[in-house]
Asker: 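Quick one: structure below, then a few questions.
Lettering of chains follows the sequences in order, A, B, ..., and the numbering in each one begins at 1. Excluded from the calculations below are hydrogen atoms, water molecules and symmetry mates; all remaining heavy atoms, backbone and side chain alike, are included.
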Amino acid sequence: MHNLKEIRKNYENFKKALQKRFIDIDFDELANLDKNNRELIQKKENLEKEKKDISKSKDKSLFEKSKQISLSIDKITEEQNTIKDKLEKILSNIPNIPHSDVPVGKDENDNVEVSKSGKIPEFDFKPLSHYELGEKLKMLDFDLATKTTGSRFVFVKNKLALLERALSNFMLDTHITKNGYEEISPPLFASDNTMFGTGQLPKFENDQFEIKLEKGSDRKFLIPTAEVILTNMVKDKIVDKKTLPLRFVASTPCFRKEAGSYGKDTKGMIRQHQFYKVELVSIVENTKCLEELERMTNCATDILDLLELPYRKMILCSGDMGFSAEKTYDIEVWLPSENRYREISSCSSCSTFQGVRMKSRYKDENKETLFVGTLNGSGLAVGRTLIAILENYQEKDGSINIPKVLRPYMNNLEKITLN
RNA sequence: GGAGAGAUGGCUGAGCGGUUGAAAGCACCGGUCUUGAAAACCGGCAAAGGGGCAACUCUUUCCUGGGUUCGAAUCCCAGUCUCUCCGCCA
């Protein structure tokens with residue numbers, strides 16, 4: 001969310017910066033509401049002052065007047081609240097401003113490749129897709145999941161289940177011991193205002209799984225990513241500047257409706273309603289966002305380097321970035337069966353956008369209260385990493401070699417074979 | 001599911017109708033002392049919003065929403081959340 005005070009200072013710049021997003025916002029409405037709002041606030045405050053003075057004076061002859069003032073205040077407050085609600089509604093639906101580094105573009109076709117790494121494997125046979133491999137091994141069972149649950153779920157069995165667990169642990173260990181992240185095992189439910197804090201609500205409610213609870217209680221949602229719950233650890237807080245940067249890592253299931261992606265990636269486990277992801281979150285001073293973004297992205301690619309998987313790093317264009325992001329790098333891993341790169345990690349700086357929504361602040365040297373910067377990134381999406389290993393490490397007979405760094409996590413298993 | 005207790009500043013915690021935005025302690029910042037550090041002592045220290053180039057100033061805020069009152073952190077009602085005990089349970 002944007003700070004109205006900042007917008008007001010440089011209204012035209014704000015407008016221009018957001019045009020990069022290609023979205024439709026009624027800026028004039030916003031400016032008008034803001035103006036009306038402030039006028040009403042002034043009116044109200046004057047009356048409040050008058051009333052306060054009467055009360056302080058304890059002059060009985062003025063008590064009746066004070067009552068009248070109260071009525072006027074009520075009326076103005078009501079009017080002001082209506083305007084304030086409208087204002088906040090508009091404001092909470094405006095996405096973050098793209099950083100100047102971000103290329104302008106409409107959609108994913110305008111994303112720009114930053115670098116490439118690793119060696120694309122060559123096969124002297126036609127490489128199979130992960131789901132063909134998994135089903136051949138009898139270790140991925142989509143039909144069973146359909147029977148017990150529905151579409152876009154999967155049973156991962158046997159050695160592939162072990163591989164999945166190994167990946168999670170390997171990533172966690174790397175981020176904890178090498179990259180300085182603190183491990184968190186968080187709740188997988190988030191309240192509605194937590195969802196608001198990171199930007200999933202109000203605009204993207206349709207993408208979320210809401211939990212059905214007794215009526216009267218707060219709304220709760222299954223987390224679509226650990227970003228939500230980890231970032232909100234500093235919600236409504238003034239954090240001690242000395243503790244910054246805070247770096248958290250968690251491996252959690254993520255739940256997504258994938259509304260609007262009907263018919264997309266229906267085969268296999270690329271796009272599921274539930275998947276494991278190791279998530280990185282940083283809470284930083286507002287000036288350190290971009291620096292931290294580079295660091296975080298390196299933490300993510302580090303995992304791919306260690307797993308010896310080929311990948312490329314993309315910078316997302318303005319039109320393809322998420323709602324809360326000011327700058328995003330996507331890491332895409334090579335998938336032989338598709339003969340192309342697919343997203344396996346997305347690292348974003350959200351500047352103070354989420355900080356404002358969450359009311360997360362810190363004090364700087366001259367005791368000014370500032371909003372924190374927040375970043376999040378996958379380090380990595382475990383399900384998709386599993387896919388990448390299946391496809392890149394496959395042999396002609398359908399067996400899968402285990403990357404060296406994972407073997408200690410798998411009882412030194414070197415290869416997954418049928419039986 | 002049954003019975004109680006509570007929700008106050010970064011934290012702990014007093015206040016229970018009128019300069020209380022809120023005692024005290026801790027933490028934090030500045031200073032004195034010290035070779036340095038610690039201790040001790042002195043001083044400072046809430047947030048949000050409005051107005052002002054600024055110095056500054058005004059308003060709001062003691063869980064949330066209503067109510068009583070000239071005036072509410074303090075009284076009344078409703079709700080949410082937390083904790084303790086009993087029962088049940090991974």
Asker: Please determine whether a side-chain nitrogen of the Lys or Arg among A/K157 and A/D141 lies less than 4.0 Å from a carboxylate oxygen of the Asp or Glu.
Answerer: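 Judged by the 4.0 Å cut-off on N to carboxylate O distance, A/K157 and A/D141 do form a salt bridge.
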Asker: From the set B/C70, B/G18, B/G50, return the single nucleotide nearest to any side-chain atom of A/K58.
Answerer: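 Out of B/C70, B/G18, B/G50, the nucleotide with an atom closest to A/K58's side chain is B/G18.
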Asker: Between A/K75 and A/E78, does at least one N-O distance fall below 4.0 Å, as a salt bridge requires?
Answerer: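 A/E78 and A/K75: not salt-bridged.
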Asker: Rounded to the Å, how far apart are A/K5 NZ and B/A48 P?
Answerer: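 Computing the A/K5:NZ to B/A48:P distance gives 7 Å.
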Asker: Hey, is the main chain of A/N96 close enough, under 3.5 Å, to the side chain of A/R21 for a donor-acceptor pair?
Answerer: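 Present.
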Asker: Judged by each residue's nearest nucleotide on RNA chain B, which is more toward the 5′ side, A/E64 or A/R8?
Answerer: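 Result of the comparison: A/R8.
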Asker: Considering only atom C1', compute the distance from B/U8 to B/A23 and round it to an integer number of Å.
Answerer: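 Rounded to whole Å, the distance is 12 Å.
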Asker: Decide, yes or no, whether a salt bridge links A/E29 with A/K86 under the criterion of side-chain N to carboxylate O below 4.0 Å.
Answerer: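 No, A/E29 and A/K86 are not salt-bridged.
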Asker: State whether A/Y409 and A/R165 meet the cation-pi test: NZ (Lys) or CZ (Arg) under 6.0 Å from the six-membered ring centroid, and within 45° of the perpendicular axis.
Answerer: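 No - A/R165 does not lie over the ring of A/Y409 by the 6.0 Å and 45° rule.
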Asker: Nearest whole Å is fine: how far is B/A27 P from A/K241 NZ?
Answerer: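 That distance rounds to 21 Å.
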Asker: Hey, are the side chains of A/Q208 and A/L222 touching, using non-hydrogen atoms and a 4.5 Å cut-off?
Answerer: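 When only atoms from C-beta onward are counted, A/L222 and A/Q208 do not touch, as no gap falls below 4.5 Å.
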Asker: Are A/K313 and A/Y329 in a cation-pi setup, meaning NZ or CZ lies under 6.0 angstrom from the ring centre and within 45 degrees of the ring axis?
Answerer: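 Judged by the rule, A/K313 and A/Y329 form a cation-pi pair.
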Asker: Among A/R384, A/R152, A/R342, find the one that has a salt bridge (Lys or Arg N to Asp or Glu O under 4.0 Å) with A/D265.
Answerer: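 Per the salt bridge (Lys or Arg N to Asp or Glu O under 4.0 Å) rule, the option paired with A/D265 is A/R342, out of A/R384, A/R152, A/R342.
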Asker: Whether A/D101 and A/K327 form a salt bridge (side-chain N of Lys/Arg under 4.0 Å from carboxylate O of Asp/Glu) is what I want to check.
Answerer: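 Yes, A/K327 and A/D101 are salt-bridged.
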Asker: Determine, for A/D320 against A/K106, whether the closest basic-nitrogen to carboxylate-oxygen distance falls under 4.0 angstrom.
Answerer: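 No, A/D320 and A/K106 are not salt-bridged.
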Asker: Rounded to whole angstrom, note down the P distance from B/U19 over to B/C26.
Answerer: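 Looking at atom P only, B/U19 and B/C26 are 27 Å apart.
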Asker: Please figure out whether A/S70 or A/N3 has its closest RNA chain B nucleotide nearer the 5' end.
Answerer: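 Upstream on the strand: A/N3.
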Asker: Using whole Å, report how far CG of A/D53 lies from C1' of B/U57.
Answerer: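 Result: 14 Å.
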Asker: Please measure how far the C1' atom in B/U68 lies from the corresponding atom in B/C77, and state the result in whole Å.
Answerer: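 Roughly 11 Å separates the two C1' atoms.
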Asker: When all nucleic acid strands are considered with a 4.0 Å heavy-atom cut-off, which category describes A/T369: base, sugar-phosphate, or nothing?
Answerer: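 Counting heavy atoms under 4.0 Å across all strands, the contact made by A/T369 is with sugar-phosphate only.
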Asker: Starting at CD of A/E50, measure out to CG of A/N46 and round the result to the nearest 0.5 Å.
Answerer: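 Reported value, rounded in 0.5 Å steps: 8.5 Å.
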Asker: Quick one, which residues of residues 31-49 of chain A touch RNA chain B with a heavy atom under 4.0 Å?
Answerer: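 Those residues are A/R38, A/I41, A/Q42, A/E45, A/E48, A/K49.
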Asker: Please classify the nucleic acid contact of A/S66 as base, sugar-phosphate, or nothing, using heavy-atom distances under 4.0 Å.
Answerer: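 A/S66: backbone/sugar contact only, no base atoms under 4.0 Å.
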Asker: Measuring from the side chain of A/K52 (C-beta onward, heavy atoms only), which nucleotide among B/C70, B/C28, B/U59 has the closest atom?
Answerer: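 The answer is B/U59.
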Asker: How many Å lie between CD1 on A/I238 and P on B/G10, as a whole number?
Answerer: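 It is 5 Å, rounded to the nearest whole Å.
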Asker: Expected output is a numbered-order residue list: members of residues 182-194 of chain A with a heavy atom under 4.0 Å from any atom of RNA chain B. What is it?
Answerer: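 Residues of residues 182-194 of chain A under 4.0 Å from RNA chain B: none.
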Asker: If the cut-off is 4.0 Å, is A/R361 near the phosphate of B/A48, judged by side-chain N/O to OP1 or OP2?
Answerer: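 For B/A48, OP1 or OP2 has a side-chain N or O of A/R361 closer than 4.0 Å.
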Asker: Would you call A/K51 and A/E48 a salt bridge, using N to O less than 4.0 angstrom?
Answerer: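 Salt bridge: no.
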Asker: Can you give the dot-bracket line for RNA chain B, where a pair is Watson-Crick or G-U wobble with both atom distances under 3.5 Å, crossing pairs use [ ], and | marks a partner on another strand?
Answerer: ((((((((.[[[..)..(.....]]].(((((.......))))).((((((....)))))).[[[[[..)....]]]]])))))))....
Asker: Applying a 4.0 Å non-hydrogen cut-off, can you work out what A/K56 is touching in the nucleic acid: base, sugar-phosphate, or nothing?
Answerer: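 It contacts nothing in the nucleic acid.
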Asker: Whole Å only: how far is the CG atom of A/N81 from the P atom of B/U64?
Answerer: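 Rounded to the whole Å, the gap is 15 Å.
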Asker: Round to the nearest Å and state the distance from A/E368 atom CD to B/C45 atom P.
Answerer: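 That distance rounds to 17 Å.
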Asker: For B/C33 and B/C42, measure between their C1' atoms and round to the nearest Å.
Answerer: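 Those two atoms are separated by 11 Å.
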Asker: Using atom P in both nucleotides, what's the gap between B/A73 and B/G66 to the nearest angstrom?
Answerer: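 Pairwise P distance, B/A73 against B/G66, rounds to 15 Å.
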Asker: With a 4.0 Å cut-off, would you call A/D34 and A/R38 a salt bridge?
Answerer: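 The answer is yes: the pair qualifies as a salt bridge.
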Asker: B/U60 and B/G65: how far apart are their P atoms, nearest whole angstrom?
Answerer: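 Rounded to whole Å, the distance is 15 Å.
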Asker: Taking the P atom in each of B/U57 and B/A39, what is the distance between them to the nearest angstrom?
Answerer: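 B/U57 and B/A39 have their P atoms separated by 35 Å.
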Asker: Going by the angle between their ring planes, with limits at 30° and 60°, are A/F353 and A/F323 parallel, tilted or perpendicular?
Answerer: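 A/F353 vs A/F323 ring planes: perpendicular.
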Asker: Could you check how far NZ of A/K235 sits from P of B/C81, rounded to whole Å?
Answerer: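 Going from NZ in A/K235 over to P in B/C81 covers 13 Å.
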Asker: Determine the interatomic distance between P on B/G44 and the same-named atom on B/G25; round to the nearest Å.
Answerer: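 After rounding to an integer number of Å, I get 13 Å for this pair.
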Asker: Touch check for A/K51, heavy atoms < 4.0 angstrom, all strands: base, sugar-phosphate only, or nothing?
Answerer: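 Result for A/K51 = sugar-phosphate.
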Asker: What is the distance, rounded to the nearest whole Å, between atom NZ of A/K67 and atom P of B/U68?
Answerer: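 So the NZ-P distance, A/K67 to B/U68, works out to 10 Å.
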